[in-house]
Amino acid sequence: MKKNKKTSDFLHIGTKLLKWYDTHARDLPFRNTKDPYKIWICEIVFQQTRIAQGLNHYNNFIKRFPDVKTLAESQEDEVLLYWKGLGYYSRAINIHKAAQQIINDYNGVFPSEYDEILKLKGVGKYTAAAVSSICFNGKMPAVDGNFYRVLSRVFADDFDVSGSRAFTYFSELAHLIMPENVGDFNQAMMDLGSEICKPRNPICGDCPINDDCLAFSLHKISEFPVKTKKVKATDLELKYYFVHRNGQFLIQQRKDDFIWKKLFEFPLEISGELVTFIRSSKTVNHKLTHKNLSIEIFNVEVDSEEVWKNFIAENDYIITSVESSHEKSFPKPLENYIRNYETAYSIL
DNA sequence: AAATCGGGGGT
DNA sequence: ACCCCAGATTT
């Protein structure tokens with residue numbers, strides 16, 4: 001099957017895509033630049049993230065960290081703050097380390113070769129291909145979920161996109177249709193996948209390459225792409241203690257080896273002395289892609305200055321306030337809890 | 001090769 | 001409920 005494909009000429013498909021892209025490209029803030037720093041940041045921000053969801057984060061991030069040097073010299077916690085609510089927080093940690101890599105290993109100049117870009121923390125084959133093609137005329141297809149979907153439909157190919165061999169396989173298919181202008185081709189594939197060749201209810205009537213799409217002509221669009229493995233969520237229960245007094249409350253920073261890497265959280269336990277001050281509890285259900293969270297948060301209002309000071313002295317929690325909590329990154333459910341408390345507290 | 005890592009939007 | 005999104009890293 002693959003052999004037959006290579007005997008034919010599919011380059012005209014890529015050419016059509018470029019022509020379509022000329023008039024249908026999405027107007028996005030990172031489309032007006034070839035600054036590798038900005039392209040890199042946008043590629044990281046939008047990994048597994050829809051444009052609409054990450055757009056504000058991208059703009060705010062670029063405004064605060066306009067170049068590699070600024071980012072490299074910043075504190076990790078502030079980088080995490082600008083990533084608040086975006087998810088996959090190792091991206092923020094890696095993006096910060098990669099900036100320092102560029103300063104230390106590349107004299108502050110963003111590497112232009114695919115193999116060098118690939119060495120940056122948090123940069124994989126997709127991102128290296130995207131940055132090198134868009135900024136440096138590199139010739140690698142930026143194979144992502146859009147490529148899987150578009151190519152599997154165009155060729156009516158049932159190769160499993162959930163396997164680890166999918167990237168190599170669809171890279172080869174991409175080469176069959178890839179024109180000289182790889183940077184625009186990669187972006188055209190993203191826009192086509194987002195606007196036309198959508199996961200569900202694709203708008204095949206508006207598709208510039210529907211004449212070349214085998215799945216379309218066979219009326220089998222819904223059969224592609226083929227994805228066999230599906231991840232199912234597991235349950236996770238957490239207990240937190242919101243220990244507060246006079247608008248101040250206690251937090252600690254998480255490790256980087258589980259969910260919510262290096263984000264801040266409430267204490268996971270309290271002393272027997274503090275149990276008396278539990279006023280209420282609230283259970284929050286929070287759905288993540290891979291976990292169903294049940295979070296029980298105990299409202300611990302410490303009415304004794306002495307007990308408050310004792311507990312602080314015996315633990316290394318961070319004392320924060322509603323105001324200063326704005327400067328730290330919390331997991332979404334805890335962020336919501338704090339904002340509710342903020343609303344109630346400001347009324348008093 | 002499989003598991004893990006967030007949050008949000010669409011159907 | 002389920003799917004998937006400009007994927008990368010760890011095991």
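Letters A, B, ... mirror the listed sequences (proteins, then strands); counts begin at 1. Basis for what follows: all heavy atoms, side chains included, without hydrogens, waters or symmetry-related copies.
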Exercise answer: donor-acceptor pairs, residues 127-141 of chain A side-chain atoms, under 3.5 Å, sequence neighbours excluded:
unit_1	atom_1	unit_2	atom_2	d
A/T127	OG1	A/Q47	NE2	3.1
A/S132	OG	A/A128	O	3.1
A/S132	OG	A/A129	O	3.3
A/S133	OG	A/A129	O	2.9
A/S133	OG	A/A130	O	3.1
A/S133	OG	A/N186	ND2	2.9
A/N137	OD1	A/K139	NZ	3.2
A/K139	NZ	A/E180	O	2.8
A/K139	NZ	A/E180	OE2	3.3

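- At a cut-off of 3.5 angstrom, the base of B/dG6 holds at least one donor-acceptor pair with the side chain of A/T49.
- Residue pairs meeting the salt bridge (Lys or Arg N to Asp or Glu O under 4.0 Å) criterion with at least one partner in residues 47-61 of chain A, sequence neighbours excluded, are absent.
- Side-chain polar atoms of A/D157 and A/Y169 form a donor-acceptor pair below 3.5 angstrom.
- Taking every nucleotide of DNA chain C with any atom under 4.0 Å from a non-hydrogen atom of chain A, the first and last of them, 5' to 3', are C/dC3 to C/dT9.
- A straight line from CG of A/L334 to C1' of B/dG6 spans 13 Å, rounded to a whole angstrom.
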Detail all sub-3.5 Å separations between protein N/O atoms and N/O atoms belonging to nucleotides 8-11 of chain B.
unit_1	atom_1	unit_2	atom_2	d
B/dG8	OP1	A/K332	NZ	3.2
B/dG8	O4'	A/Q53	NE2	3.4
B/dG8	N2	A/R50	NE	3.2

Note, DNA chain B 5' to 3' with Watson-Crick or G-U pairs under 3.5 Å encoded as ( ), [ ], | and . gives |||||.|||||
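- Using atom P as the reference point in both B/dA3 and C/dA6, the two lie 25 Å apart (nearest Å).
- Using bins of under 30°, 30° to 60° and over 60° for the plane-to-plane angle, the ring pair A/F159/A/F170 lands in the perpendicular bin.
- The two residues A/G54 and A/L86 make their nearest non-hydrogen contact at CA-CD2, 4.2 Å.
- Relative orientation of the A/F61 and A/F65 rings is tilted, given thresholds of 30° and 60° on the angle between their planes.
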Can A/Y148 and A/F167 be said to form a ring pair (Phe, Tyr, Trp, His ring centres under 6.0 Å), step by step? CA-CA 8 Å; A/Y148 291 169; A/F167 186 90; 7.4 Å; no
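- Using a 4.0 Å heavy-atom distance criterion, A/F167 is classed as making no nucleic acid contact.
- If you take atom P in B/dG6 and the same atom in C/dT11, they sit 15 Å apart, rounded to whole Å.
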Between protein and nucleotides 1-5 of chain B, what N or O pairs are separated by less than 3.5 Å?
unit_1	atom_1	unit_2	atom_2	d
B/dA1	OP2	A/S164	OG	2.9
B/dA2	OP2	A/K229	NZ	2.6
B/dC5	OP2	A/K291	NZ	2.3
B/dC5	N3	A/Y88	OH	3.4
B/dC5	N4	A/H290	NE2	3.2

Tabulate below the donor-acceptor pairs under 3.5 Å that side-chain atoms of residues 94-105 of chain A make, not counting sequence neighbours, or state none.
unit_1	atom_1	unit_2	atom_2	d
A/N94	ND2	A/S90	O	3.2
A/H96	NE2	A/S74	O	2.7
A/Q100	NE2	A/A72	O	3.2
A/Q101	OE1	A/K121	N	2.8
A/Q101	NE2	A/K119	O	3.1
A/N104	ND2	A/Q100	O	3.0

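- Here A/V123 lies in heavy-atom contact (under 4.0 Å) with sugar-phosphate atoms only.
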Indicate every side-chain donor-acceptor pair of residues 229-239 of chain A with a distance under 3.5 Å to a residue at least two apart or in another chain.
unit_1	atom_1	unit_2	atom_2	d
A/K230	NZ	A/K227	O	3.2
A/K239	NZ	A/E296	OE1	3.0

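- The stretch residues 133-146 of chain A has no heavy atom under 4.0 Å from DNA chain B, so no residue of it qualifies as close.
- Here A/I312 is tied into one hydrophobic group with A/Y241, A/V243, A/L250, A/I270, A/L274, A/V275, A/F277, A/I278, A/F298, A/V300, A/V302, A/V307, A/W308, A/F311, A/Y317, A/I319, each link being a pair of ILVMFWY side chains closer than 4.5 Å.
- Side chain to side chain, A/H286 and A/N336 fail the donor-acceptor criterion of an N or O pair below 3.5 Å.
- Between the side chains of A/D160 and A/S162, a donor-acceptor pair is found at a separation under 3.5 Å.
- Listed by first and then second residue, the salt bridge (Lys or Arg N to Asp or Glu O under 4.0 Å) pairs that reach into residues 308-331 of chain A are A/E305-A/K309, sequence neighbours excluded.
- Using a 4.0 Å heavy-atom cutoff across all strands shown, A/I44 reaches no nucleic acid atom at all.
- For A/K16, the side-chain contact (heavy atoms from CB on, under 4.5 Å) partners are A/H12, A/I209, A/D211, A/D212, not counting sequence neighbours.
- In summary, the aromatic rings of A/F249 and A/Y337 are positioned with their centroids too far apart to meet the 6.0 Å limit.
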